[in-house]
Amino acid sequence: MTSYLIKGAKPLGGGPADVLITDGRIAAIGDSLSATGAEVIEAGGLIALPGLVDLHTHLREPGREDAETVETGSRAAALGGFTAVHAMANTDPVADTAGVVEQVWRLGGQAGLVDVVPVGAVTVGLAGERLAELGAMADSAARVRVFSDDGHCVSDPALMRRALEYVKAFDGVVAQHAEEPRLTAGAQMHEGDRSARLGLTGWPAAAEEAIIARDVLLAGHVGARLHVCHVSTAGSVELLRWAKSRGVQVTAEVTPHHLLLTDACAESYDPVFKVNPPLRTDEDVAALRRGLADGTIDAVATDHAPHAVEDKESEWAQARPGMLGLEQALAVVVETMVETGLLDWQGVADRMSMRPAAIGRLAGHGRPLAPGEPANLLLLDPAARVTVDPAALASRSRNSPYAGRELPGRVVATFLRGTPTVLDGKAVR
Amino acid sequence: MKRHLLESADLDRADATLVLDTAAQIDQALAGREVKKLPTLRGRTVVNLFYEDSTRTRISFELAAKRLSADVINFSAKGSSVSKGESLKDTALTLEAMGSDAIVVRHGASGAPHRLANWVRGSVVNAGDGTHEHPTQALLDAYTIRRRLGRLAGVRVAIVGDVLHSRVARSNVWLLHTLGAEVTVVAPPTLLPVGVGTWPVEVSYDLDAVLPKADVVMMLRVQGERMNASYFPSAREYSRRYGLDGRRMAALGDEAIVMHPGPMNRGMEIAAEVADSVRSTIVEQVGNGVSVRMAVLYLLLGGRSE
């Protein structure tokens, strides 16, 4: 196995140091390291971070390989600096059996660009009626620990309670898509001033907050872990803060797009900006950034949602919700959290690597940059500014909401257990 | 004028007034003539692209284009390539390849005309999109008010009914505000959008309190099905609280007029004795619609690329 000597990178944005990688692990970190036979990577000015971990990725395989495959999504993830991604369960067939989660897990291993960690469906067929075989998925080769009906809310409170309780047996967590369906029938965008004017059916903040309020009470009652997907409103942040102060075992994620974009994007009626939960207001964006900064929100998760051209090049109401996120996630966090002074690089590592790895119970990820640890890391050029060109993305789809936008930072290299998946800003394969 | 007419929210006062003045000139030019036809758009092609059934609007646009001597194609989504799954974009590019100069589009999805305008070089006229806007309806309503009352500035207009789902209401709110009228929207709170507080209107839940001060009462169609989604308890209760009947009409000032964009639910939002009264402009609105749509097509197409 090739050894790598990274020269002069700044681990977590600190003072420059050399990082020696051998046999898939960090062998040493220090000044003026040398190693015979090691491939040298000049990394002056680059920041070294632990490999990012995404709790929320749609890889579309099996079922919609025209939009994304495990391989193309893995490549996009590596280019974004990720070393592990959680593949959501809403595939076709749904990942609600040991067979499907093992298939996805195996495809991830074959692609070999990131660790693909399958998420299991909570209910059979995401139908919200009866529990899927959660234990079988947990015991499978894929070792599922995160369960989610994402795209659908587990809206039946009794079923949600049982799911929260049941997964305690194998230290699992239910990741809830918080959306009270009776309040969002036909919803197209955030309900507020702009939806009133645009004539698009509103998705009220209360539909998210009502479910979060209910679920933190349930999780507290049964002493189970709850994770809240893609938190999008200021009210949700307040509820999470309250629940955490009461000792509820709740964690939460926010997407890059909810940290940057608002419902003003809907004024174009361009469905590239249609997403669920919808883009919210400036006040919500500010509250989400503060919540991520103070740790009320634990993690950034992309909700990377590739869609074929025909599913987006349409009327707003007909278009499918979702947007790409893997390749620009770190750049958006740099713009919204680092350049604003809300998070330092240690904080970025915590919210994009350590905490998501801990929530997903991934042993080999989200580790400190220290000798003996698995060499899952990335090198970021913080001075670069890149204008996003959807045609140049590794994802099979093109539905990036950042098209034409200049964003800070560029991932120069990514290492997965000591093997580069990205070098010179390009995927190695 | 801009190239498209997508929403009355982006019409400024000069443009809106130009449409109304042009409609008035057209009315004058055609008044008393046996042959009601102008040669202005000879050789131009106007496509009526209707994804929703709307016989009255389609006929009005068709008549307007024909009276300007344009060639008119009626493309109904039902029973066409669209019912076989063709996308809006493909349909638009097909129509453009056939040489259409303007597409008049009615669509159930809010924003569909905006999407269309990105894909074609010709003009796009919004003939009603979802619950967003119906700008030519607002223009013909403004034209009707101006003809009846002689002015728009300072006129007090009450828009009554299902504002939440009404593209007519949205278009009228923005256009009437631009033209200096004072608008009050009147509805049960369930039929007003969250966010109505940011509109340049007064909001009232009490029709009886508003009527004595109104110069114009514009009644919106209310679909009975709304009560199944609990927007109101029953058609009768809606009618009692927000319907315009003879008793309420008596509270109006002497000059006040009653409007309705049609089609009416007689007995629901408007009583027959009101619809058929001298205050009613409902039939007049239909006639004015043709003139206003002629003005719009003329201004969008007439001045260019001869």
Side-chain angles (χ1 to χ4, degrees), chain A residues 181-209 233 235 262-274 278-284 307-321 398-399 403-404, chain B residues 6-10 51-52 77 82 85-93 105 107-119 124 126 128-135 163-171 173-174 177 185 191-201 203 228-230:
Chain A
R182 289 282 293 143
L183 290 174
T184 58
Q188 298 294 327
M189 68 174 292
H190 172 67
E191 183 167 47
D193 302 346
R194 289 196 170 93
S195 64
R197 180 165 177 157
L198 294 173
L200 291 169
T201 306
W203 200 128
E208 175 173 306
E209 293 153 5
T233 78
T262 69
D263 61 346
C265 294
E267 287 175 355
S268 66
Y269 288 105
D270 184 343
V272 78
F273 298 112
K274 179 174 172 177
L279 301 174
R280 304 276 185 193
T281 66
D282 288 324
E283 291 73 27
D284 294 305
H307 285 298
V309 170
E310 62 271 21
D311 290 327
K312 281 293 190 183
E313 209 165 56
S314 67
E315 303 86 324
W316 180 282
Q318 272 82 339
R320 300 187 59 170
R398 297 287 169 258
N399 53 306
Chain B
L6 301 178
E7 52 187 43
S8 57
D10 66 21
Y51 284 79
E52 285 184 340
V82 171
E86 187 175 63
S87 72
L88 177 63
K89 182 176 183 180
D90 287 333
T91 303
L93 296 180
V105 60
H107 201 294
S110 299
H114 294 68
R115 299 292 287 152
L116 210 51
N118 289 324
W119 297 324
V124 175
N126 181 359
D129 64 325
T131 54
H132 176 226
E133 281 228 28
H134 190 359
V163 176
L164 177 63
H165 298 99
S166 176
R167 51 196 173 209
V168 174
R170 282 179 182 72
S171 279
V173 162
W174 301 116
H177 173 68
V185 292
L191 292 176
L192 292 167
V194 167
V196 72
T198 60
W199 290 7
V201 299
V203 176
N228 298 328
S230 293

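Letters A, B, ... are given to chains in the order of the sequence lines, protein chains preceding strands, and every chain is numbered from 1. Only heavy atoms go into these numbers, but all of them, side chains included; no hydrogens, no water, no symmetry mates.
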Can you see which heavy atom on Val201(B) is nearest to which on Val196(B), and at what distance?
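Answer, listing the atom of Val201(B) first, then Val196(B): CG2-O, 4.4 Å.
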Do you know the tightest heavy-atom contact between Ala117(B) and Leu6(B)?
CB-CD1, 4.2 Å
Count the heavy-atom pairs under 4.5 Å between each of Pro193(B), Gly197(B), Gly111(B), Ala112(B) and chain A, then report the option with the highest count.
Gly111(B)
Heavy-atom pairs under 4.5 Å with chain B - which of Pro204(A), Gly202(A), Ala266(A), Gly192(A) has more of them than the others?
Gly192(A)
Put together the list of donor-acceptor pairs under 3.5 Å connecting chain A with chain B, please.
from      : atom 1 : to        : atom 2 : distance (Å)
Ala196(A) : O      : Arg170(B) : NE     : 2.6
Ala196(A) : O      : Arg170(B) : NH2    : 3.3
Gly199(A) : O      : Ser110(B) : OG     : 2.6
Gly199(A) : O      : Thr131(B) : OG1    : 2.5
Tyr269(A) : OH     : His132(B) : ND1    : 3.3
Tyr269(A) : OH     : His132(B) : NE2    : 3.2
Glu313(A) : OE1    : Lys89(B)  : NZ     : 3.2
Glu313(A) : OE2    : Lys89(B)  : NZ     : 3.0
Ser314(A) : O      : Arg115(B) : NE     : 2.8
Glu315(A) : OE2    : His107(B) : NE2    : 2.6

